[in-house]
J.: 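Provided herewith is a single structure, encoded as structure tokens, for subsequent inquiry.
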Number of protein chains: 2
Amino acid sequence: MINTRFSVAVHILSLLASEPERRLSSSYMAASVNTNPVVIRRISGMLKQAGLLQTKPGVSGALITKAPADITLLEIYRAVQQDDPLFSTHSSPNPDCPVGRNIQSTLDESFKRAQNAMEAELQKQSLADVTSHLFV
Amino acid sequence: MINTRFSVAVHILSLLASEPERRLSSSYMAASVNTNPVVIRRISGMLKQAGLLQTKPGVSGALITKAPADITLLEIYRAVQQDDPLFSTHSSPNPDCPVGRNIQSTLDESFKRAQNAMEAELQKQSLADVTSHLFV
DNA sequence: ACCACCTGTAACTTTAATGGTTACAAAACG
DNA sequence: CGTTTTGTAACCATTAAAGTTACAGGTGGT
């Protein structure tokens with residue numbers, strides 16, 4: 001199961017998108033997510049590296065850097081998951097067995113196709129699609 | 001990251017598919033996977049419940065129950081992952097915040113779409129597709 | 001210039017999931 | 001009958017994630 005970083009990252013950006021003029025501090029966002037400010041800063045750091053938000057040390061709060069319609073969920077996913085594989089394969093199968101010898105490379109291909117399909121769907125959804133459901 | 005049960009399950013079924021006449025014991029398969037026989041029996045149990053293989057208590061070995069071309073990777077995935085969600089959402093966001101109040105149900109929908117896309121791709125691949133790459 | 005406050009980050013603790021292991025009852029077969 | 005195997009339960013070890021504490025460094029208000 002994929003960790004909650006992705007979920008929290010979308011939450012953070014949704015908050016920033018809802019008040020694009022206002023700098024929201026990590027404490028403020030932590031109260032909405034219901035976690036510790038350090039957790040927010042950790043994930044904000046990854047989003048900053050991906051160019052999705054701006055912060056300055058010492059200056060309170062973060063600002064979103066793009067229009068929500070121009071941020072795909074895939075960008076957010078990649079920002080927090082880097083290139084972690086979605087599926088893991090068991091390690092060191094028996095090389096003396098034809099199945100054991102070739103299973104890993106074969107599975108890697110199948111798994112990559114599945115992951116690509118998932119990511120293609122995330123590419124189709126934008127942050128604006130998410131936020132449009134939040135305020136109704 | 002998805003656990004290695006799926007990977008091991010495909011390995012098990014590939015072994016059984018490679019010798020459909022022969023009953024392979026959990027110890028034999030454990031040697032190919034490079035793990036403990038109990039791990040194999042644990043996963044075999046799930047595959048049995050899904051109708052993908054047969055075993056009898058006391059009788060050594062397992063047999064595959066279908067032609068590899070008729071087993072999709074999705075069937076195997078479902079057999080070992082049940083209906084675990086692919087993505088997790090952070091728990092108890094703040095209900096006093098419009099974002100916190102609605103983020104979970106919104107994310108659930110987005111995440112389900114992504115998971116569906118992944119599963120649709122697994123549906124397209126059969127065990128035969130995998131085994132055809134193993135013996136070359 | 002000072003101070004209160006914030007970010008960024010490292011380090012540590014806690015918790016949960018996974019895989020490996022031990023143990024043993026129940027069943028089958030020679 | 002006794003050896004072997006499956007099916008499970010129970011337990012241990014390892015790992016990853018999230019939460020927490022701590023603190024250096026920067027900023028802006030006073």
Side-chain angles (χ1 to χ4, degrees), chain A residues 1-9 11-12 16 22-50 52-63 77 79-94, chain B residues 1-9 11-12 16 22-50 52-63 65 79-94:
Chain A
M1 188 144 78
I2 292 170
N3 57 44
T4 63
R5 283 202 301 268
F6 182 33
S7 166
V8 172
H11 191 145
I12 289 172
L16 296 178
R22 198 171 141 213
R23 306 187 77 96
L24 305 182
S25 72
S26 61
S27 306
Y28 176 88
M29 295 192 280
S32 173
V33 172
N34 188 30
T35 185
N36 193 293
V38 176
V39 173
I40 300 294
R41 295 206 288 272
R42 204 137 65 188
I43 296 174
S44 290
M46 304 186 207
L47 296 173
K48 181 183 188 176
Q49 278 211 318
L52 299 176
L53 59 77
Q54 307 175 341
T55 57
K56 275 204 234 171
V59 178
S60 179
L63 288 175
Y77 178 81
V80 295
Q81 304 298 340
Q82 321 237 109
D83 46 7
D84 292 3
L86 182 57
F87 300 87
S88 38
T89 48
H90 55 291
S91 58
S92 35
N94 190 337
Chain B
M1 190 145 73
I2 292 171
N3 57 43
T4 63
R5 284 203 301 270
F6 182 32
S7 165
V8 172
H11 191 145
I12 289 172
L16 297 177
R22 197 170 144 216
R23 306 189 77 96
L24 305 183
S25 73
S26 61
S27 304
Y28 176 88
M29 294 192 282
S32 172
V33 173
N34 188 29
T35 184
N36 192 292
V38 176
V39 173
I40 299 294
R41 295 206 287 274
R42 205 136 66 186
I43 296 174
S44 290
M46 303 187 206
L47 296 174
K48 181 183 188 175
Q49 279 211 317
L52 299 177
L53 58 77
Q54 306 175 344
T55 57
K56 274 205 234 174
V59 178
S60 179
L63 288 174
T65 55
V80 296
Q81 303 297 341
Q82 321 238 112
D83 45 6
D84 292 2
L86 183 57
F87 299 87
S88 38
T89 48
H90 55 291
S91 58
S92 36
N94 190 338

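Note that this is a predicted model, so its numbers are computed, not measured. Proteins come first, then strands; the chains are lettered A, B, ... in the order of their sequence lines, and each starts at number 1.
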J.: B:Arg41 CZ to C:dA26 P: how many Å, rounded?
T.: 16 Å

J.: Looking across every strand, which nucleic acid part, if any, lies under 4.0 Å from B:Arg5 by heavy atom: base, sugar-phosphate, or nothing?
T.: sugar-phosphate

J.: Take atom CZ of A:Arg23 and atom P of C:dC6, then tell me their distance rounded to the nearest Å.
T.: 13 Å

J.: Roughly how far, to the nearest 0.5 Å, is OG1 of B:Thr35 from NE2 of B:His11?
T.: 11.0 Å

J.: Base, sugar-phosphate or nothing for A:Thr35? Non-hydrogen atoms, less than 4.0 Å.
T.: sugar-phosphate

J.: Closest approach to the side chain of A:Arg42, judged atom by atom: which nucleotide of C:dT22, D:dA18, D:dT5 is it?
T.: D:dA18

J.: Once you round it to whole Å, what is the distance between P of C:dG19 and CD1 of B:Ile40?
T.: 12 Å

J.: Testing the basics here: between A:Met29 and A:Leu16, what is the closest heavy-atom pair and its distance to 0.1 Å?
T.: SD-CD2, 4.1 Å

J.: Return the minimal non-hydrogen interatomic distance between A:Pro93 and B:Asn34, and the atom names on each side.
T.: CA-CB, 4.2 Å

J.: Is the phosphate of D:dG7, meaning OP1 or OP2, less than 4.0 Å from a side-chain N or O of B:Thr55?
T.: yes

J.: Would you kindly give the CD-to-P distance between A:Gln49 and C:dT7, to the nearest whole Å?
T.: 17 Å

J.: How many Å lie between CE on A:Met1 and C1' on D:dT15, as a whole number?
T.: 16 Å

J.: Quick one: sort the B:Phe87 and A:Phe6 rings into parallel, tilted or perpendicular, breaks at 30° and 60°.
T.: tilted

J.: Hey, which sits more toward the 5' end of DNA chain D by its nearest nucleotide, A:Asp84 or B:Ser26?
T.: B:Ser26

J.: Rounded off to whole Å, could you give me the CE-to-C1' distance for the A:Met46 and C:dT7 pair?
T.: 15 Å

J.: To the nearest Å, how far apart are B:Ile43 CD1 and C:dT18 P?
T.: 11 Å

J.: Please pick, from C:dT7, D:dT21, D:dT6, the nucleotide with the shortest atom-to-atom distance to any side-chain atom of A:Val38.
T.: D:dT21

J.: What nucleic acid atoms does B:Asn36 come within less than 4.0 Å of, heavy atoms only: base, sugar-phosphate, or nothing?
T.: base

J.: From B:Leu53 CG over to B:Lys48 NZ, what is the distance, rounded to the nearest 0.5 angstrom?
T.: 8.0 Å

J.: Rounded off to whole Å, could you give me the CD1-to-C1' distance for the A:Ile2 and C:dA17 pair?
T.: 16 Å

J.: From the options A:Ser26, A:Ser25, A:Ser27, select the one residue that forms a side-chain hydrogen bond (donor to acceptor under 3.5 Å, both in side chains) with A:Arg41.
T.: A:Ser26

J.: Can you check whether B:Lys48 has a side-chain N or O nearer than 4.0 Å to OP1 or OP2 of D:dG7?
T.: yes

J.: Going 5' to 3' through nucleotides 24-30 of chain D, assign each nucleotide B (protein heavy atom under 4.0 Å from a base atom), S (under 4.0 Å only from sugar-phosphate atoms) or - (no protein heavy atom that close).
T.: -BBS---

J.: Can any side-chain N or O of B:Thr4 pair as donor or acceptor with the backbone N or O of A:Thr89 at less than 3.5 Å?
T.: no

J.: So A:Ser27, base contact, sugar-phosphate only, or nothing? Heavy-atom distance under 4.0 Å.
T.: nothing

